[in-house]
Amino acid sequence: MSAAESFTRVRLIAGTTFLEAVRQKFFNSLLLISVALVASSTFFQQFDFGAGELKFITDFGFGALFFFGSILSITATAQLFFNEMENRTALTMLAKPVYKLEFLAGKFLGAHLLMLCFTLVITLVLSGILYWREAAIVAQLGAEALADGPLIRYGDVFLFGFLQWMKFGILAAITLFVASFSNTNLYTIVVSFFMLIICQLQYIARDAYSGMEAGWERFFVFGLGLIFPNFQLFNVGDQLVFDVEQVLPATVVLRMTAYGLIYTIAFILLAQLNFRRREI
Amino acid sequence: MKTPAIRISNLTKDFAVGIRGMKLRAVDALSLEVGDNEIFGLLGPNGSGKSTTIKIILGLLEPSTGSCEIYGEPSRRVSARRSVGFLPEAPYFYRYLSGRELVRYYARLCAVPRSEIDWAVDSVIDLVGMSEAAHRRVGTYSKGMLQRIGLAQALVHDPQLVILDEPTAGVDPLGSAAIADIVRELKRRGKTVLLSSHLLAQIEGLCDRVAILHRGQLVKEGRVDDLVEEKDAEALVVQGLTPEGRAAVEATIQAQGGHLARVEKPRLSLDAYFLKEVHEQESAYAAKNKAADESTDGKDGSA
C-alpha cells in the first residue's frame, strides 16, 4: 500500500475526528468560556493604566489559553478515542485495509486540528483586546508611549500560541498513549492530568539531577527527566511579547518545535504498541 | 485446487480475565474452510465464539495459537483485508453524514480510485435498495436501513469475501428478507459470504454450508440439507385424499415393507406466512392507489 494511500486514510480519519469534535457541546462551551474570560480580562485588573495593564491582559490570556487548552486537549482526545471504541465505528474502520497506526495518527491529527482552532480563536481575541487597549494607552499618553518601540509584538502573541499548540500536541499524544491501554474515559482523563502536572513540574527533577552525584539515583532522575517532557520550556510568554532587549532567537523556536514533535511522535508510537494488542 | 476463501487451522483464542489474568478460552482448536463463492453460516448461541472467530479472520485479534488465512494470505496482514467487506453486528456510523457520504467515506478509506468512486457508491447503494434514502442523514435511518447502508459500505470496494456478523439481528422480517435477497445476489455475482447468526430459521434457506459452534468448539459442519434431513425417511405431500384412499395408501406402504411413521399437515414457516401476507397487502394497496390515480387523471381529463 502506497504512502499516498496511507496519507489519504490518515487525512480522512482526521477529518471525521475533527468534525465529531467540533460538534461536541463540550468544545463549544469551553471555547465560549475561554473567549469570554480573555475578553473580560480588562475588567478584572485594577485601573493601573500603562504597560502594566497590557502585561496583565497578556498573562491572563496566556493563562486562559494554557488552562482551558490543557483541559480541552486531554478531554477531547480521550472522548474522541473512546467514542470510536464504544460506538464501534473503530471496528468498522479497522476491518478495512487501515493500519492501527493510521487510525491513531488520524485521531491525533483530528484532535490537534481542534486545538489549532481553539488556539487561533483565543490568540485572535487576545490580540484584538491588546490592540484595543494599546490604542487607548497611546491616545492617553501620546507618542512618548511608543518611544522605546511598540508596546506589544503581535507576531510574538501568535508565536506563543503556536508553541502552546505544540505543547497541546504532546498532551494529546500522551492522552492517546494512556487511552491505548486504558478501559475507561475517566481513567484516561485522570491519568493524563497527572501526566500534565508531572510535565509541568518536571524541571524540579532536572534541577535535582544537576545537583546529584553520579550513581543510580542520578541515572533514575535523568531517566524521569527524559521520559516526561518539560512543559516549562514552552512558557516563554514574557520574553516573547514584552522583552524588547532579548528577542527569542529563531533557532530556539525551531528547537522547541523539534522537541515537541519528537515527544509527540514518540508517544503516538508508544500508543501504537499498546493498541496493536488491544481487543476492538 | 482453488484456494479457499477462508482457511482456519487449529485456532485457539484465550483472553485474560480479571487482575489475576485467569484464562477464558473463547475459541478452542477450531479448524474449518470456507470455499470460494459459498454462503457459509457460522451458527451458535451467544458466547460460542462466533464474533471472536470473525475478529481473528479480520485480523483485529491475534490468535493464541493456530492460523487463519484469507485467500491464502495470513489474515493478520492489513493487505488481506483488501478482499474483505465486513458488516458488524448493530453497526453505528457517523450520524451527521448522509448515507451517500458515508459510503463514499469508506470507499475512499479502501482506496477505491477517484474515477470509479461515484459509480461504485451508486451501484452498491442501488444494490442494497437505499437509492431513495441515500441523501438523508444516517441519524434518521431505521435499524433495517442502517443494516442496509452498513452492507453498502462493506461492499463498496468490491470485496471477494463478505463477512456479516448477525446481519438480521433486530431487523423486522421484511428487512431480513431484503438482506437475504442481497446475500443471494452476492453469491450470484461470484462472492463468498460468511455470516454468523443465532436466528436459525433465517439461515436455513440461505446457507450452502454451516458450522455450529458451542463454547468455542466446532460441533458440526456440513451442507444444511445433509445436516437436517432424515436420511431414512421420505415425505409425500398429498391433496384431496379420502379416508378410504388414505387407508389404501397405508395398506400399500405396509405391503411394500414400509412403515407410516407420522402424518402431518404441511405448514409454512411463520416467516414465510408473514412475508406472503405483507406482500399481498402491499400489492392490494398499490393496486388501490393506482386505481385512485387513474380515476383522478380521468376526472382531470374530462374537466
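Throughout, a chain's letter reflects where its sequence line sits, starting with A, and its residues are numbered from 1. Computed from a prediction, not measured in an experiment: that's the story for all the values here.
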Q. Side chain, backbone, both or neither: which part of Leu61(B) has a non-hydrogen atom closer than 4.5 Å to chain A?
A. side chain
Q | Nearest-0.5 Å distance, CZ of residue Arg95(B) to CG of residue Asn87(A) | A | 9.5 Å
Q.
Can you tell me which portion of Arg11(A) sits under 4.5 Å from chain B's heavy atoms? Options are side chain, backbone, both or neither.
A. side chain
(Q) Does any backbone or side-chain atom of Glu84(A) lie under 4.5 Å from a heavy atom of chain B? Answer side chain, backbone, both or neither. (A) side chain
Q: State plainly whether the residues Glu62(B) and Arg276(A) are in salt-bridge range, i.e. N to O under 4.0 Å.
A: no
Q. Of the listed residues (Phe93(B), Tyr106(B), Phe15(B)), which shares the most heavy-atom pairs with chain A below a 4.5 Å separation?
A. Tyr106(B)
(Q) Are there residues of residues 134-141 of chain B whose heavy atoms fall under 4.5 Å of chain A's heavy atoms? If so, which? (A) Arg137(B)
Q: Quick one: pull up CE in Met93(A) and OH in Tyr94(B) and give me the separation to the nearest 0.5 Å.
A: 3.0 Å
Q.
Heavy-atom pairs under 4.5 Å with chain A: which of Leu58(B), Thr52(B), Leu60(B) has the most?
A. Leu60(B)
Q) Taking NZ, NE, NH1 and NH2 as the nitrogens, is one of them in Arg114(B) or Glu5(A) under 4.0 Å from a carboxylate oxygen of the other? A) no
Q) What residue among Ile13(A), Thr16(A), Thr8(A), Thr92(A) forms side-chain contact (heavy atoms from CB on, under 4.5 Å) with Leu109(B)? A) Ile13(A)
Q: Begin with the C-alpha distance, continue with both residues' side-chain angles, and end with the deciding distance and a verdict on side-chain contact (heavy atoms from CB on, under 4.5 Å) for Arg108(B) and Arg9(A).
A: CA-CA 8 Å; Arg108(B) 293 187 68 194; Arg9(A) 283 192 290 273; over 6 Å; no
(Q) What part of Glu102(A) gets within 4.5 angstrom of chain B, counting heavy atoms only: side chain, backbone, both, or neither? (A) neither
